[in-house]
J.: 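First the structure, which I've put down as structure tokens, then a few questions once you've had a look.
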Number of protein chains: 2
Amino acid sequence: MATRDPDRKRQQLMEAALAEFAEYGVAGARVDRLAKRAGISPGLVYSFFAGKEGLFEAVYEAIVEQTVDAVPIDADDLPEYAGRLHDTAARHPQVMRFLAWYALERAERPVPEVVARSMDEKITAIEAAQRSGTVRSDKPAGEVLALVLALANMWQHQGEDVGHLVTDAQRRSVITDAVRRLVTP
Amino acid sequence: MATRDPDRKRQQLMEAALAEFAEYGVAGARVDRLAKRAGISPGLVYSFFAGKEGLFEAVYEAIVEQTVDAVPIDADDLPEYAGRLHDTAARHPQVMRFLAWYALERAERPVPEVVARSMDEKITAIEAAQRSGTVRSDKPAGEVLALVLALANMWQHQGEDVGHLVTDAQRRSVITDAVRRLVTP
DNA sequence: CCTTCTTAAATGAATGTTCATTTAACGCGT
DNA sequence: ACGCGTTAAATGAACATTCATTTAAGAAGG
């Protein structure tokens, strides 16, 4: 039984970092607070990662890895696909919030290779569905995808002002109904 | 010719603050840099506003004041309404970015009174349009509004990954076409 | 019109605090 | 006993904020 367990600490650190960054962003995050959450000393952060910034990037990369392809596209049933995207987002609010921070604080960074590739695959899948007639063909696949993603994530972006217009239970079907109307031929 | 002109300085300060906050958020903003942008000394900031935080709030309030009702709703032509929202957003990227920061950094704050009221008015307008038959009546007005707003702002939220799928020129019509499909009876 | 007095505006160096990062010592497991 | 994982404390840079001082614009008085 390893009472010394670097891997476990590393894992705890990543989880605490996600929580801290999701709440405050990089600039607002405090290394001390984050280390305390992880149950380690602040100094130890630096033996695992390249400082606060490095930790932020590491968390981002872990999220990308776990999130891309977490919800495989089903181009023949885009409403359900959007619904599943929504479900996943709703189940991981911390991750969504982290990504929102990342988009602002790392606005200039290029899109990661894996993400770009995943996007291409989705386009290809939609184009196939258009050819087989399950998706309307009068709009380019990229446009269809943009709409599906926008609707799938709509409740993430909407603030409290818009959010309270609809109950939690209704949110999913708002998305699926709208996508159905938009993509069926 | 007034070489001393507090009102002008105050104005310059607000503009510089918007630029600085839009770029870095509150936590990342630097008072020195912001003051230099405004062409004033850092100390002067504190004679106008309650520190960095107070300045942030002041900029937010100014934006809310200028933005609410900047695009009056036309419930009988929601596609065009969404298009106009998009136009305005596209014309003021700094403001949009500022609001994105605000949503994250002030997540817990209640919705301002003016915003809530403006929302109620929009709902009422849509309900009227539903009664007169220009908007589908099989969905509650709140749901319709949520969809319209989500689509109007879709290009603000989408990152570079999705954004490059469609050219600038197409963006507006993607929104208006989609809204038309979603809201017509 | 000048000169002096008064008040407001503005500055920027000094202050004190907050924080990321470094360092040096400690002790567990082998 | 040795080396690595870990810590607590030390360091110092970065910043927000304050404040003593300077500068400018009127007001009062001659």
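Remember, predicted model here, so these are calculated numbers, not experimental data.
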J.: Please check this pair: side chain of B:Arg117 against backbone of B:Pro112, looking for a donor-acceptor N/O pair closer than 3.5 Å.
T.: no
J.: Between A:His157 (side chain) and A:Met154 (backbone), is there a donor-acceptor pair under 3.5 Å?
T.: no
J.: OP1, OP2 of D:dA16 versus side-chain N and O of B:Arg30: anything below 4.0 Å?
T.: yes
J.: Do A:Arg33 and A:Tyr24 form a cation-pi contact, if we require the NZ or CZ to be under 6.0 Å from the six-membered ring centre and within 45 degrees of the ring's axis?
T.: yes
J.: D:dA16 P sits how many Å from B:Ile40 CD1, rounded?
T.: 14 Å
J.: In whole Å, what is the span from the CD atom of B:Glu20 to the C1' atom of D:dC15?
T.: 13 Å
J.: Considering residues at least two apart in sequence or located in another chain, which fulfil the salt bridge (Lys or Arg N to Asp or Glu O under 4.0 Å) criterion with A:Glu105?
T.: none
J.: Over how many whole Å does the gap from A:Leu13 atom CG to D:dG5 atom C1' extend?
T.: 14 Å
J.: Atom CZ of A:Arg33 and atom P of C:dA20: how far apart are they, to the nearest Å?
T.: 9 Å
J.: Could you state the CD-C1' distance from B:Glu53 to D:dT17, rounded to the nearest angstrom?
T.: 13 Å
J.: I'd like to know if A:Glu127 pairs up with A:Lys122 as an ion pair, taking the criterion as any Lys NZ or Arg NE/NH1/NH2 lying under 4.0 Å from an Asp or Glu carboxylate oxygen.
T.: no
J.: Quick one: A:Phe56 CZ to C:dT21 P, roughly how many Å, whole number?
T.: 14 Å
J.: When the aromatic ring centroids of B:Tyr102 and B:Phe21 are compared, is their separation below 6.0 Å?
T.: no
J.: Return no unless some side-chain N or O of B:Lys52 is found under 4.0 Å from OP1 or OP2 of D:dT17.
T.: no
J.: Where along residues 41-48 of chain B does a heavy atom fall under 4.0 Å from DNA chain D?
T.: B:Gly43, B:Tyr46
J.: Could you state the atom-to-atom distance from CG of B:Asp32 to C1' of D:dA14 in whole Å?
T.: 10 Å
J.: Whether B:Glu80 and B:Arg172 form a salt bridge (side-chain N of Lys/Arg under 4.0 Å from carboxylate O of Asp/Glu) is what I want to check.
T.: yes
J.: Write down the distance between NZ (B:Lys9) and P (D:dA24), rounded to a whole number of angstrom.
T.: 11 Å
J.: Under 4.0 Å, counting only non-hydrogen atoms across every strand here, what does B:Ala29 touch: a base, just sugar-phosphate, or nothing?
T.: sugar-phosphate
